K.L.:
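Attaching a single structure in structure tokens format; questions to follow.
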Amino acid sequence: MSTETTLCVSEIFHSIQGESSFAGWPCAFVRLAGCGHGCRYCDTAYAEEAGTAMTVEQIVRRALAFEAPCVEVTGGEPLLQPGAFELLSTLCDHHPAVLLETGGFLPVERVDPRVHAIIDIKAPSSGVAAENCATNFALALDTPERFEFKIVVASREDYEWAKSYIAGHDLPGKCSIIFGPVFGHLEPRLLAEWILRDRLPVRMQLQLHKYIWNPDARGV
Ligand code: SF4
């Protein structure tokens, strides 16, 4: 590792992966600072704070020191920082399971193809559904094994919208799609009933970390 590229880091920590198809695995998290997207149910608003400048080399060393089976770069919105692409590639050079969690409003085409990208699709109650980046869907349909989409649902209206939206982009049955309830806003049982009633080919998830730790805690 020789890179001096610098990124602004909110926190680096070791926890149980709470979401995605990797849920349940111990994971090293690199949370990059900054987003500005303003989603209504954002649970990491503290990542908007300035953060600490660290080189790619420092970040990678810290993350690898946890010896976790997976490493995730998250935010904030990690792809807002130009150095994020180099960080992801460098992590891939040293670890077999590198994940990216992105808010879904930026294209992921420059992300190293070794990365498994978890891309949010924002539903209307987030307030930013108009900003979902549709070009990511074509890329995911070409190489579905590299991607999964996550939709956080706060209401029946969100659910109906999400159902139509994924069908409109031809995703069901072709890409991995995960629906989850907004913690504290939608009863998981209701979402489960809707998915089952509609025979929807999506996975359902609960945010595992919010059940293990204090749901308002940082660094989990
Ligand atoms: S994209 Fe993610 S980090 Fe940014 S405001 Fe939305 S939920 Fe929060």
Side-chain angles (χ1 to χ4, degrees), residues 7-13 15 17-23 27-52 54 59 71-85 87-88 98-111 115-137 139-140 147-155 157-159 161-162 165-166 177-186 191 205-210 213-220:
L7 292 105
C8 211
V9 178
S10 174
E11 55 184 353
I12 299 175
F13 58 97
S15 187
Q17 174 62 259
E19 302 185 79
S20 82
S21 56
F22 288 76
C27 184
F29 290 86
V30 176
R31 188 182 307 288
L32 299 183
C35 177
H37 205 40
C39 303
R40 198 165 289 138
Y41 296 111
C42 181
D43 54 6
T44 53
Y46 62 87
E48 294 290 0
E49 294 165 13
T52 305
M54 294 176 71
I59 297 168
V71 180
E72 177 173 296
V73 176
T74 184
E77 172 47 62
L79 297 183
L80 280 175
Q81 297 194 45
F85 300 96
L87 171 63
L88 286 161
V98 177
L99 317 180
L100 164 70
E101 165 95 32
T102 174
F105 60 97
L106 294 172
V108 295
E109 60 202 5
R110 286 181 52 218
V111 171
V115 171
H116 183 84
I118 302 149
I119 304 175
D120 285 357
I121 296 174
K122 301 296 187 187
S125 68
S126 70
V128 291
E131 294 170 51
N132 289 313
C133 177
T135 61
N136 289 336
F137 302 134
L139 192 60
F147 298 98
E148 57 191 76
F149 292 99
K150 182 184 83 179
I151 307 183
V152 177
V153 175
S155 63
E157 291 70 30
D158 272 359
Y159 172 80
W161 177 92
Y165 192 82
I166 59 174
I177 304 166
I178 303 182
F179 281 28
V182 175
F183 187 84
H185 286 266
L186 177 66
L191 180 57
Q205 73 173 11
L206 304 178
Q207 292 173 297
L208 196 53
H209 51 294
K210 297 203 173 175
W213 323 104
N214 174 345
D216 298 322
R218 295 186 180 197
V220 296

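Source: prediction; values computed, not measured. In what follows, residues are counted from 1 in the order of the sequence shown. Read the numbers this way: they start at 1 and go in the same order the structure lists the ligands and their atoms.
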K.L.:
Less than 4.5 Å apart, side chain to side chain, heavy atoms only: is that true for His116 and Ser21?
P.N.:
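In short, these two side chains touch, coming nearer than 4.5 Å.
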K.L.:
Could you pull out the N/O/S protein atoms under 2.8 Å of atom 6 (Fe) of ligand 1, ignoring any water?
P.N.:
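Short answer, with waters excluded from the count: Cys39 SG.
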K.L.:
Enter the distance from Phe22:CZ to Ile118:CD1 here, rounded to the nearest 0.5 Å.
P.N.:
7.0 Å
K.L.:
Please tell me if the side chains of Phe105 and Cys35 come closer than 4.5 Å, counting only heavy atoms from C-beta onward.
P.N.:
yes
K.L.:
Give a yes or no on whether the backbone of Ala33 and the side-chain of Gln81 come within a donor-acceptor separation of less than 3.5 Å.
P.N.:
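Yes.
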K.L.:
Check Asn132, Ile121, Ile178 against Phe149 for a side chain to side chain contact (heavy atoms under 4.5 Å, CB included) and give me the one that passes.
P.N.:
Ile121
K.L.:
Can you list the atoms of ligand 1 that are under 4.0 Å from a heavy atom of Gly76?
P.N.:
3 (S)
K.L.:
Show me which atoms of ligand 1 lie under 4.0 Å from any heavy atom of Thr44.
P.N.:
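Counting atoms of ligand 1 from 1, those under 4.0 Å from Thr44 are 3 (S).
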K.L.:
Does any non-hydrogen side-chain atom of Arg218 lie less than 4.5 Å from one of Arg31?
P.N.:
no
K.L.:
Do Leu100 and Pro78 have side-chain heavy atoms sitting under 4.5 Å apart?
P.N.:
yes
